[in-house]
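Reckoned from all heavy atoms, side chains included, excluding hydrogens, waters and symmetry mates.
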There are 2 protein chains.
Amino acid sequence: MNLKLLLAEDDDDLRQTLVEALEMEGFDVYACVDAEEAIEAAENDRFDLALLDMIMPGATGIEAISNIVRSQPNIGIVISTAFGTVATAVDAMKKGAHEFISKPFDLESLVMTLKRVHAQRTTPPSLAGEKADKVFAALANPIRRQTLLKLMVHKRLRFMDLCRLVEVDNHTRFNFHIRQLKQASLVEQSESKVYFLTTEGKKLCASLFSEQN
Amino acid sequence: MNLKLLLAEDDDDLRQTLVEALEMEGFDVYACVDAEEAIEAAENDRFDLALLDMIMPGATGIEAISNIVRSQPNIGIVISTAFGTVATAVDAMKKGAHEFISKPFDLESLVMTLKRVHAQRTTPPSLAGEKADKVFAALANPIRRQTLLKLMVHKRLRFMDLCRLVEVDNHTRFNFHIRQLKQASLVEQSESKVYFLTTEGKKLCASLFSEQN
DNA sequence: TATAGCTGTCAATTTTTCTTATCATAATGG
DNA sequence: CCATTATGATAAGAAAAATTGACAGCTATA
């Protein structure tokens, strides 16, 4: 199964060379002469990876990132550049790029970089597993979400403190809900009975917050 | 309400200057002489921001990022450096840094950078809103999650095609579930009745996938 | 025209989730 | 020691979610 690569490179010779070489390496390459063409392609087709030249006439590779990521949030993006600065690198990463590669580059490095970026981006979907069932069922309830929120802020809390923070006046009601969070492995207790988020709980909560950006 | 800043800077004079100046700007500064101390502080206390010098004896600011982010996934991280390269910038961003600032810097720039990073990282918690209720309720069901997954892969699908992909043999059962996704604004239909993910649906799904990294 | 397939609505029924009451044990303070 | 508070388990009943069946309108094809 070939990886689909969206290539944007204004230098004709280099673009042709890359197409031929990368297709020999097993990529399905869709080549664009500029960023605008790449943006349009990303809206109409699905790609695993994008290799964008930073400096192109018209919109730059960096300017194209946001648009491409908007169309395809899971695409892996590599920026190629001869003149990289820290500021442009940071800007590109913030927009969604995953890796930089400096011109001139050898083909072997490029292929390895592309495959590594793809491997890192490809995540096995576990949305249907039994574990995911418990986690998502736990998240469906507002009391439980509030509980996670309070634990994010305060890190360690005792049962009744937490119950009062969440504003549930019936402790057995709260007990039922925090048991669901424990069974979903989002929350656990120390020996002294203090509640805190598990590592998985922290990651999930951070993701749900940062998702609001 | 002051922002809590974790500062790691091995240069004594600069560190003292920064502490005094930043506290005058309204930050609560916890100063560390090295990365190890900063890592430990992040495990024991909550911070809004971290300002880490890139080059320090022992572990570098960059090496500390992963540990700090693991303890506090929502912290805003700024790296200060006199010698930045594209490679180190990209590496730091991948580990979780949000911004670079080059030495020598003026205090005004630093403060603006810190506040901007914090403003971008602070997200209004909407885990308890009515809209969130619908979204999370929709995600609680395995059929609905599978539906989102299929739409991520195929982008546009007709009702019966989607129903068969999700392997639900009773179409009215599937209809009930896809209605819930529509009501949660995760999925919508074109005029030709084709189903596709909304922007919000795409972002949420991408977050849930990338969360598995 | 008749038939098959697609897509959708509505409501009765079933299943799952949540609330509440009761009870229990442990810990703390006067 | 006693009273109070904290924390937790269990089960019945209430509420919410999901399933299922009946029906409908639309489109395409023979």
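Here dA15(D) presents its C1' atom at 13 Å from CG of Asn141(A), a figure rounded to the nearest Å. Atom CZ of Phe176(B) is separated from atom C1' of dC23(D) by 19 Å (rounded to the nearest Å). Separating the NE2 atom of His177(B) from the C1' atom of dT15(C) is a distance of 12 Å, rounded to the nearest angstrom. As rounded to whole Å, 14 Å separates atom P of dG8(D) from atom CD of Glu188(A). Spacing between atom CZ of Arg164(A) and atom C1' of dT7(D) amounts to 12 Å, rounded to whole angstrom units. One atom, CD of Gln183(A), and another, P of dT17(C), lie 11 Å apart when rounded to the nearest Å. For Leu181(A) and dC18(C), the CG to P distance is 11 Å, given to the nearest whole Å. Distance, Gln146(A) CD to dC18(C) P: 15 Å, rounded to whole Å.
Ranked by how close their nearest DNA chain C nucleotide is to the 5' end, Gln180(A) and Phe159(B) are led by Phe159(B). The nearest heavy atom of DNA chain D to Asp161(A) and to Ile143(B) marks one nucleotide each, and the one closer to the 5' end goes with Asp161(A).
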Which donor-acceptor pairs under 3.5 Å do the side chains of residues 190-198 of chain B make with protein atoms, sequence neighbours left out?
residue	atom	partner	partner atom	Å
Ser190(B)	OG	Ser192(B)	N	3.4
Ser190(B)	OG	Ser192(B)	OG	3.0
Ser190(B)	OG	Val194(B)	N	3.3
Tyr195(B)	OH	Gln189(B)	NE2	3.3
Thr198(B)	OG1	Ser185(B)	O	2.7
Thr198(B)	OG1	Leu186(B)	O	3.2
Thr198(B)	OG1	Gly201(B)	N	2.9

Donor-acceptor contacts, no H, no angles, side chain residues 16-29 of chain A, under 3.5 Å, sequence neighbours left out:
residue	atom	partner	partner atom	Å
Thr17(A)	OG1	Asp13(A)	O	2.8
Glu23(A)	OE2	Val29(A)	N	3.2
Asp28(A)	OD1	Asn2(A)	ND2	3.1

Open item on the list: Show me the dot-bracket string of DNA chain D, counting Watson-Crick or G-U pairs under 3.5 Å, with | for pairs to another strand and [ ] for crossing ones.
Closed with: ||||||||||||||||||||||||||||||
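Between Leu151(A) and Val187(A), some side-chain heavy-atom pair lies under the 4.5 Å cut-off.
Between Phe136(B) and Phe136(A), a ring centre-to-centre spacing not shorter than 6.0 Å is recorded.
For Arg144(B), taking side-chain heavy atoms from C-beta onward, the closest of the listed nucleotides dC18(C), dA18(D), dT7(C) is dA18(D). Minimum atom distance to the side chain of Met160(B) is reached by dT7(C), of the listed dA18(D), dT7(C), dT7(D). Comparing dG8(C), dT7(D), dT19(D) by their closest approach to the side chain of Arg158(A) singles out dT7(D).
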TODO: Tell me, with the steps shown, if Leu52(B) and Leu7(B) meet side-chain contact (heavy atoms from CB on, under 4.5 Å).
DONE: CA-CA 6 Å; Leu52(B) 310 175; Leu7(B) 169 68; over 6 Å; no
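OP1 or OP2 of dG8(C) has at least one side-chain nitrogen or oxygen of Tyr195(B) nearer than 4.0 Å.
Screening residues 148-170 of chain A for side-chain hydrogen bond (donor to acceptor under 3.5 Å, both in side chains) gives Asn170(A)-Thr172(A) as the qualifying pairs, with residues at least two apart or on separate chains.
Electrostatic pairing of Asp11(A) and Arg15(A) does not count as a salt bridge here, judged by no charged N lying under 4.0 Å from a carboxylate O. Salt bridge Lys94(B)/Glu99(A): present, at least one basic N to carboxylate O contact under 4.0 Å.
By the side-chain hydrogen bond (donor to acceptor under 3.5 Å, both in side chains) test, Asp34(A) pairs with no residue at all, sequence neighbours left out.
Of the residues in residues 165-175 of chain B, those placing a heavy atom less than 4.0 Å from an atom of DNA chain C are His171(B), Thr172(B), Asn175(B), in numerical order.
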